[in-house]
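In what follows, a structure is listed as structure tokens, so that the remarks can point back to it.
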Amino acid sequence: RSSDLKMASIAAVQEKLKCIKPNAKNAGEKYCEVLDQILRECKVVQDLKDGIDALLNAVVDTEGLWVVSARSVLSRFTEQIGQIDRGVVKEVCQVVLKKIQQRTASFEEHATQIRLVLAKIYEEEHQWIESATILREIPLDSGHRVYGADFKMEIYLKIARLYLEEKDHVSAEAYIKRASLLLHEITNKDLTVVYKVCTARLADFHHHFSRAARQYIQLSYELSIHPEEQLTSLKCAMNCTILSQAGDLQRSKQLATLYKDERCQHLPAFKILEKMYLERIIRVSELEDFAAQLPVHHKAITADGSTILDLAVMEHNMLSASKLYNNISFEELGRLLGIPPLKAEKVASRMIAEKRMVGSIDQIDRVIYLKKRETLLSWDRRIQGVCYQVNSIVDKINSVHPEWANSALESQMSH
């Protein structure tokens with residue numbers, strides 16, 4: 001009996017469609033009434049698809065129907081998508097998109113709106129690739145509509161974030177590059193923050209840890225994002241800083257910034273970060289808790305069989321040893337770092353060759369000669385240069401406006 005009712009409802013829909021005159025002024029309104037009936041009465045997937053298909057055949061394929069009337073029907077459909085059952089909405093939307101694809105020029109705006117809704121549904125179901133594929137079908141550059149820079153940027157970044165969730169970083173990078181071309185055209189500054197998040201995650205994946213840490217630190221101070229996201233960015237900044245190459249000037253700045261940030265002191269990675277900032281030797285037994293909370297891509301194995309964390313700590317310990325010893329044998333260095341002597345020699349030679357550590361290696365006597373280096377020396381020189389320039393400006397102000405300068409100085413001293 002229920003099947004008879006379904007057949008009757010579909011037959012009623014088809015009968016109603018036949019009674020509508022396409023060239024009538026109220027044709028659009030009549031078709032919208034049929035759409036409402038279909039969505040209200042057709043509860044089975046196939047019935048709903050058949051009803052929508054029959055309606056679209058009349059709306060899209062009828063030559064006498066005005067485009068304005070057809071658009072009103074599609075506008076009503078996009079408004080009603082939220083009322084369609086989640087179990088069938090995706091199939092119904094695909095039916096609509098397939099049908100109006102024949103007249104893309106006339107219905108491009110509606111097709112875009114349907115794709116945005118469909119992509120959001122896929123995203124909520126964690127079907128990242130399906131959602132990205134739907135968004136990619138929006139003709140941002142090749143369509144008949146002209147889209148603004150903000151909308152294009154938003155779509156490119158959305159696609160990039162979906163690919164990042166799927167760990168498809170090659171595809172994500174392609175869309176991040178497209179988004180970068182629009183940075184100077186957008187008016188919505190929130191998109192700039194989303195762009196920074198995407199570039200930070202991409203740099204993180206490619207193991208450009210120092211660059212990623214710098215961007216994560218900036219995001220942790222970004223007031224436009226939620227405090228929880230700020231804290232997440234701070235945790236990522238700590239992880240990337242710890243994993244970055246020892247002896248790098250940028251890393252030293254980042255260690256100093258994070259160590260002095262009060263928010264970091266209550267986070268699990270702070271003990272490791274503190275030891276790195278204070279240039280103390282880190283033992284393998286101290287790394288277990290930190291290693292457990294690292295994401296999968298941070299646990300990758302390097303060419304010599306070590307993990308990224310093992311190599312980062314190994315290089316840090318090497319640099320710490322250079323502060324304690326003027327010279328040390330391969331065997332003693334290996335015992336200190338907890339690695340074979342040959343591996344200790346290779347790590348030391350690589351760091352010296354890359355100018356991340358100052359020293360020389362005597363392979364005959366199997367001894368490494370180490371020299372202390374002020375990692376922050378060049379940074380201090382830059383600060384000193386800025387101070388000299390500020391003093392020069394103050395001297396010029398004093399020479400031109402001595403009375404004002406004296407009153408300003410007295411005012412400062414009184415406070």
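Computed from a prediction, not measured in an experiment: that's the story for all the values here.
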Discussion item. Suppose we screen for ring-ring contact (aromatic ring centres under 6.0 Å, His included). Which residues come up paired with His169, at least two apart in sequence or across chains?
Written reply: Phe205
Worksheet item: What do you reckon, is CG of Leu278 surrounded by more than 12 foreign heavy atoms closer than 6.0 Å?
Response: yes
Pairs under 3.5 angstrom only: tabulate donor-acceptor contacts from the side chains of residues 329-341 to other protein residues two or more places apart or in another chain.
from   : atom 1 : to     : atom 2 : distance (Å)
Ser329 : OG     : Glu332 : N      : 3.1
Glu331 : OE2    : Arg366 : NE     : 3.0
Glu331 : OE2    : Arg366 : NH2    : 2.9
Glu332 : OE1    : Arg335 : NH2    : 2.8

Worksheet item: Tell me, do Phe151 and Thr112 make a side-chain contact under 4.5 Å, heavy atoms counted?
Response: yes
Could you list the donor-acceptor pairs under 3.5 angstrom formed by side chains in residues 288-298, with sequence neighbours left out?
from   : atom 1 : to     : atom 2 : distance (Å)
Gln293 : NE2    : Asn239 : OD1    : 3.3
Gln293 : NE2    : Phe290 : O      : 3.0
His297 : NE2    : Asp204 : OD1    : 3.1
His298 : NE2    : Asp204 : OD1    : 2.6

Worksheet item: Is the side chain of Asn188 donor-acceptor paired with the backbone N or O of Asp150 at a distance under 3.5 Å, no angle test?
Response: no
Fill in: Working for side-chain contact (heavy atoms from CB on, under 4.5 Å), residues Glu286 and Lys275
CA-CA 11 Å; Glu286 299 175 283; Lys275 284 206 164 189; 2.6 Å; yes
Fill in: Minimum-distance pair of heavy atoms, taken over all atoms of Leu258 and Leu234
CD2-CD1, 3.8 Å
Discussion item. On a heavy-atom basis, which atom in Met357 and which in Ser322 lie closest, and how many Å separate them?
Written reply: SD-CB, 4.1 Å
Item to complete: Could you walk me through whether Tyr163 and Ile129 pass the side-chain contact (heavy atoms from CB on, under 4.5 Å) test, one step at a time?
Response: CA-CA 7 Å; Tyr163 279 127; Ile129 294 297; 3.7 Å; yes
Discussion item. By the ring pair (Phe, Tyr, Trp, His ring centres under 6.0 Å) test, which pairs, at least two apart or in different chains, include something from residues 116-141?
Written reply: His126-Trp128
Worksheet item: Pairs in or reaching into residues 240-275: which pass ring pair (Phe, Tyr, Trp, His ring centres under 6.0 Å), with residues at least two apart or in two chains?
Response: Tyr259-Phe270, Tyr259-Tyr277
Worksheet item: Under 3.5 Å, side chain of Glu222 to main-chain N/O of Gln230, donor-acceptor pair present?
Response: no
Fill in: Qualifying residues under salt bridge (charged side-chain N to carboxylate O under 4.0 Å, His left out), relative to Glu123, sequence neighbours excluded
Lys158
Discussion item. For the residue pair Lys189 / Ser224, report whether a side-chain donor-acceptor contact shorter than 3.5 Å exists.
Written reply: no
Item to complete: Return the orientation label for the His206 and His208 ring planes: parallel under 30°, perpendicular over 60°, tilted otherwise.
Response: tilted
Discussion item. I need the minimum non-hydrogen distance between Ser306 and Lys343, along with the two atoms involved.
Written reply: OG-NZ, 2.6 Å
Worksheet item: Do you know which two heavy atoms are closest between Phe209 and Leu243, and how far apart they sit?
Response: CD1-O, 3.6 Å
Practice prompt. Would you sort out whether Lys120 and Glu124 count as a side-chain contact (heavy atoms from CB on, under 4.5 Å), showing the intermediate values?
Written response: CA-CA 6 Å; Lys120 185 178 180 181; Glu124 289 172 353; 3.4 Å; yes
Fill in: Nearest non-hydrogen partners of Ser131 and Ala119, listed with the distance
OG-O, 2.7 Å
Discussion item. For the residue pair Arg263 and Tyr221, would you count it as a cation-pi contact if the rule is NZ or CZ under 6.0 angstrom from the ring centre and within 45 degrees of the ring axis?
Written reply: yes
Worksheet item: So, the side chain of Gln254 versus the backbone of Ser210: is there a donor-acceptor pair under 3.5 Å, distance only?
Response: yes
Response to the item:
Residues Ser244 and Ala312: closest non-hydrogen pair is O-CB, 4.4 Å
